[in-house]
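Numbering of ligands and ligand atoms starts at 1, following listing order. Reckoned from all heavy atoms, side chains included, excluding hydrogens, waters and symmetry mates.
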Amino acid sequence: MSKFRRLGWLNRLALGLLGVLFVVLIGVFPSNSQEAQTLRVGTEPAFPPFEMKAETGELEGFDIDLMNAIGKEAGLKVEFLSLPFDGLIPALQANTIDAAISGMTITAERAQTIAFSRPYFKAGLALAVKEGNQEIKSFDDLKNKRIAVQIGTTGAGEAGKIEGAQVSQFDSAPLALQELANGRVDAVINDAPVTLYAIKQAQLQGIEVVGQLLTEEYFGIALPKNSPNIEKINGAIATLLENGTYNAIYEKWFGTAPPELPLAAPALEGATAQPFDYGKLFSNLLVGALVTLALTACSIFFGMIGGTLVAIALISPYTPLRWLCRAYVEFFRGTPMLVQIFMIYFGLPALLQGLGLNFNFERFPAAVLALSLNSAAYLAEIIRGGIQAVERGQWEASESLGMGSVETMRYVIFPQALRQMLPPLSNEFITLIKDTSLVAVIGFEELFRQGQLVVATTYRAFEVYAAVALVYLVLTSVSATGFRWLESYMNPLRKMSKAKA
Ligand code: GLN
C-alpha cells in the first residue's frame, strides 16, 4: 500500500486543501518584477469627456489620454480597469488597483484615506435644470426641490447640504441627467464640463445650465497612501505641463487653452481629520432596515394575495386559465429579478407613455410591484403544493360528513395545507428580505443602499458592509425564529399533549 493511501482521508483532505491554497496564492501575488512595470489604473468610464467607451469598446477621453501620456513619461505600463466611481477609493485601499483617474476631485475627506497627485484639471460643479425653468436660477432656489446626483461625488455632498431637498443618488452621472430629462427631478448637481458635454456633444435635449459655478474644484490622480508611484506621476505631470503635451490633450477635448494649475489643491490646506461617525452609520442603517422591512411586508402581503389567486387558478379545471397562470409563474421564476425591476421601473412607463398615457412610477410602488409579482410566482407554487399534499381521502371524508367544498377547504384542507406550507413559506420570506437589496439599482434607499451611501463618503467598506450584513442576518434570523414558533404552535401533537396535561 502506498504511503499516500495510508495517510487516511482527513490528512489527504488537508493536503489537498493546502495544494489548492498554494495555487491560489501564486495567482493572487504576481511576481514583483511584473508589478513594477504595470500600473493598474481604475476608472469609471461613464464620465464623458473625461472617460468613456468609444464605439469600438475602447476607453477614450481626456483622463485616458493624459494617463497614457503620464505612463509613457514615467516608464509605467498603464492598464485600465473599469469600476464604479464609489468603488474606486475602496479598491485603492484594498490595493486592487494602483491608481485611479476618474475626474476625481481632490477633497480633504478623501485625502484622509488615499493620496492624490498634484492637480491635473480645474473644474467645478454646475447646476442643471429643465430648459425654461423659471423657479430655479441659483443654488439658493434648491430648497425642498428634487435633485438627482451621482453617488459618492462632490455633487452628492453639495446636494446633501440643501435644506429639505429630496436627493436621489444614481450610479452614474448620465443616469442622473436622464432622470432630469425625464422630468422626475427638478435639478442635477454635477461637474460642469460633464453636464456641458452631455448637452452639447451627446445632445441631451431640453436641459440647461443655470447660474454661476457652485464650487471650484481640482481633479487629481488618486493613489493608495504611501504609494511608491506618487513622485513618478507628479514628475510626469510637471514634464507634460512644460513640454506642451498637456496643452495639446486639453485642446483636443475642450477646444481651448487650459487655465493655470496650482501645485497643490486649495481644498487640502488646513484640512483636519474627522473621526468616523458611528452614530450616523447607526441611524442610516436603522432607516434602511425599516425601509427594507416595509418593502418586504408590502411585497409579501400583495404577493400572498396574488399567489393564492394564482394557486387556485393552477388547480382549477379551466385549462386556458391554468395555462395563463403557468406562463406567469414560469416567466417570473425563470427570469432574473434584476431584469424584472429594470423592466418595470424604466420599461413600463416608457411603454405606457408610448401608448399616449401620462404615466410615471415612484420608486416605492415600482419596487413593491416588482417584488410582489416575483414572490407571487414562488408563493403560488408553495400554496398549490401545500393544498395538493393533503390526501384526497380528506375531501371524501368531509363530503361524507355533508360538508360543502368551501367549508371543506376552510376547516379541513387549508389548516393542514398551511402546516405543510410553513417551511417553504419561511424560505421565501427570508429570500425576499435579501432580494429587496436588488431595488438599490433604481436608487431606492433600502438597507444595502444606505450602507453604500455611507461607504461613498467614509470609505470604510469592510466595516460598513459587515454591519449591513449583520442587520440582514438579524432580520432573517428573527423571521426564521417566528416561522419556527408558528410551526410548533400549529403542530396538532403539541395541542394534544397540552390538552392532556
Ligand atoms: N468630480 C466629482 C467627484 O470627484 C465627480 C467625479 C465622477 O463622477 N467621476 O466627486
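Contact annotation: A173 has no heavy atom less than 4.0 Å from any atom of ligand 1. Ligand 1 has no atom lying under 4.0 Å from any heavy atom of F50.
Using cut-offs of 30° and 60° for the angle between ring planes, the F50 and F254 rings count as tilted. A tilted orientation is assigned to the rings of F332 and Y328, their planes being inclined by 30° to 60°.
Looking at atom 9 (N) of ligand 1, its nearest protein heavy atom turns out to be S102 O, 2.8 Å.
Between T105 and ligand 1, at least one N/O pair is under 3.5 Å apart. Ligand 1 has no nitrogen or oxygen under 3.5 angstrom from a nitrogen or oxygen of E51. Distances between N or O atoms of G103 and those of ligand 1 include at least one value under 3.5 Å.
Checked by atom type, the side-chain pair Y378/N427 shows no donor-acceptor distance below 3.5 Å.
Near F85, meaning under 4.0 Å from one of its heavy atoms, ligand 1 places the atoms 3 (C), 4 (O), 6 (C), 7 (C), 9 (N), 10 (O). Near T153, meaning under 4.0 Å from any of its heavy atoms, are these atoms of ligand 1: 5 (C), 8 (O), 10 (O). Annotation for ligand 1: atoms under 4.0 Å from non-hydrogen atoms of R110 are 3 (C), 4 (O), 10 (O). Remark: ligand 1 atoms within the under-4.0 Å shell around heavy atoms of Q150 are 7 (C), 8 (O). Close contacts of ligand 1 with M104, meaning ligand atoms under 4.0 Å from a residue heavy atom, involve 4 (O).
In this structure, the side chain of K225 engages the main chain of A111 through a donor-acceptor pair within 3.5 Å.
The side-chain tip of R118 does not point at the ring of Y246 from less than 6.0 angstrom away and within 45° of straight on.
Evaluated for a ring-ring contact (aromatic ring centres under 6.0 Å, His included) with F121, the options F47, Y218, W253, Y250 yield exactly one hit, Y250.
Taking CD of E158 as the start and CG of L127 as the end, the distance is 11.0 Å to the nearest 0.5 Å.
Distances from atom 5 (C) of ligand 1 to the heavy atoms of D191, I101, T107 put D191 nearest.
Taking both residues in full, the closest heavy atoms of F361 and R184 are given as O-NH1, 3.8 Å, listed atom of the first, atom of the second, then distance.
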